[in-house]
Amino acid sequence: MIEMKLNNFFLQHKGIYGTVVIIILWYIFHYLLQTAIIPSPIETIMEFFRLLQRDLLLHMFASLYRILVAGIISLILGVSIGLYLGLNEKIDQYFSPMIYLLYPIPKIAFLPVLMILFGLGNLSKIMLITIIIFFQILVTTRDSVKGLNKEWFYSIRSLGASKFQLYQHLVLPAVLPKLFTAIRISIGTSIAVLFFAENFATTYGIGYFIMNSWTRVDYVQMFAGILAISLLGLLIFKGIDLLEKHLCKWIILEKETI
Amino acid sequence: MIQIKDLEIKYGSFTAVNKISLNIKENSSCAIIGPSGCGKSTLLYGLAGIVKPASGDIFIREQPVKENRRKTGLILQNYGLFPWKTVWENAILGLKIRSISMEEIDNTVTTILQELDILELKDKFPVQLSGGQKQRVAIARALSIQPDLLLMDEPFSALDAITREALQNLVLSLQQQKKMSIVFVTHNIEEAVFLGQQIVIMDKTEGSIKHIIENKNFGDRNFRFDEGFFQLCMEVRRIMEVSD
């Protein structure tokens, strides 16, 4: 009985449960290692709120802006090209060899090139994230279009749908769930890339903030920065979850019935 | 209503439908029966205008079939419903694509859903429905465009016996009520005999017609309980099993 209640509590408050466990583990490390490089969680959280009143929010917004702009550009390009290639096998034949060659290249190595081409400012950082996640979204979209049930195409064609209506009623809604998965993976990637890119030629961004604290040997501030980047990630993920819940009700129902 | 002349449909070098000629009368029902891989579904897709013939002609009401026809409804084996659309959204899709006014769509589709006894399911998604309910939604969608020809590809093969018979009765009464022709593909002998006025038996592998039977008792709801029903089933079975 008590066990069941506890179980229910965990299921309903997964977020709280996760946070508490991580803070306890963090505290254990802090206590066992007794070194300045792992400050106590309480100290870090206090520092985080103190910094929020100064410029931490600005750093967070700078990073969020770069992720969102790069995400939107990659989505528009990746989804439209992916849908097109997925539906036009002949054209895909000519493009897929190039995609397979370019996809696995560590594009992060091109940051110097991008900085020369697009300047030292925001643009080169946004471009870097864009060329990385563009491929993830393109490949996912294309492959999920190719995997669509043939019967659906017969079904919509028998109803007399135009090309536009085919996209509107069949292809777009059908790839949406997979697209959300691709977006989640892309967000994770772009935060990691951003952290690297923000170490060059900028004084704003959460990546810069963390590295700057590190070089100043201010570990409490560094951890507050890590906390900020985690919260930023969490915020974006929750936003995506909400959007998915709204746009893909059927997928949630499908999961419940299986 | 339908004239098929020397129709040949190929997938690459494989001939799925081989020189078939067939006439189907107005307001009648035609069952095409044969084992898997005999080309019966391909023939149906040819009638629907989804698959292009390699040679030969199909005329529906004297018009050659080029692509999909406005008054042809198609029901697919796995219902062809879109899982991201509710029952209502699925049912109105054909009319929406034809840019009919929302008011007219509302009236037409509400009536059809009522007739098929699924109006209360209108806000549900396909995943929440049973097989029989899904099939009713697929029928509703096909009927919404007020077809004069209804094509069905193994429509009831995934259903249990009781639901299947109930839906066969439903289709029979719809055919008589709405004055439309039905062409359906099946591998179930009882279904072909109950719902087919003209029973077209396909050859096992050749992609051609082996035999055509006229079913005089078509249209009788109680035909299933009749001795003649079993005799006709036996006859169909015998023809199907005769080796070439």
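All values reported here derive from a predicted model rather than from experimental measurement. Proteins get letters first, then strands, A, B, ... in listed order; numbering begins at 1 in each. The analysis underlying the following values was restricted to heavy atoms, covering all of them including side chains, and did not include hydrogens, waters or symmetry mates.
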Heavy-atom distances under 4.5 Å only: say whether A:Gln165 touches chain B with side chain, backbone, both or neither. side chain
Which bit of A:Leu247 is near chain B, if near means a heavy-atom gap under 4.5 Å: side chain, backbone, both or neither? neither
From B:Ile97 CD1 over to A:Arg157 CZ, what is the distance, rounded to the nearest 0.5 angstrom?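 Result: 12.5 Å between the selected atoms.
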Could you give the distance from CG (A:Leu170) to CH2 (B:Trp84), rounded to the nearest 0.5 Å? 5.0 Å
Please output the side-chain donor-acceptor pairs of residues 126-137 of chain A that fall under 3.5 Å, not counting sequence neighbours, one pair per line with the distance.
residue  : atom : partner  : partner atom : Å
A:Thr130 : OG1  : A:Ile126 : O            : 2.6
A:Gln136 : OE1  : A:Ser186 : OG           : 3.0
A:Gln136 : NE2  : A:Thr189 : OG1          : 3.2

If you take all heavy atoms of [X] and [Y], which pair is closest and at what distance?
X        : Y        : answer
B:Pro83  : A:Glu254 : CB-OE2, 4.0 Å
B:Arg141 : A:Ser155 : NH2-OG, 2.6 Å
B:Gly94  : A:Leu159 : CA-CD2, 3.8 Å

Contact check, side chains of B:Glu89 and A:His169, non-hydrogen atoms, under 4.5 Å: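 No; the side chains remain at least 4.5 Å from each other.
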Taking side chain as C-beta onward, heavy atoms only, is A:Phe153 less than 4.5 Å from B:Ile50? no
More than 12 non-hydrogen atoms from neighbouring residues, nucleotides or ligands closer than 6.0 Å to CZ on B:Arg70, yes or no? no
Over 12 non-hydrogen atoms of neighbours within 6.0 angstrom of NZ in B:Lys52: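 Result for NZ/B:Lys52: enclosed.
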Listed by residue number, which members of [range] have a heavy atom under 4.5 Å from any heavy atom of chain A?
range                       : value
residues 72-81 of chain B   : B:Thr72, B:Leu74, B:Leu76, B:Gln77, B:Asn78, B:Tyr79, B:Gly80, B:Leu81
residues 109-135 of chain B : B:Phe125, B:Val127, B:Gln128
residues 172-187 of chain B : none

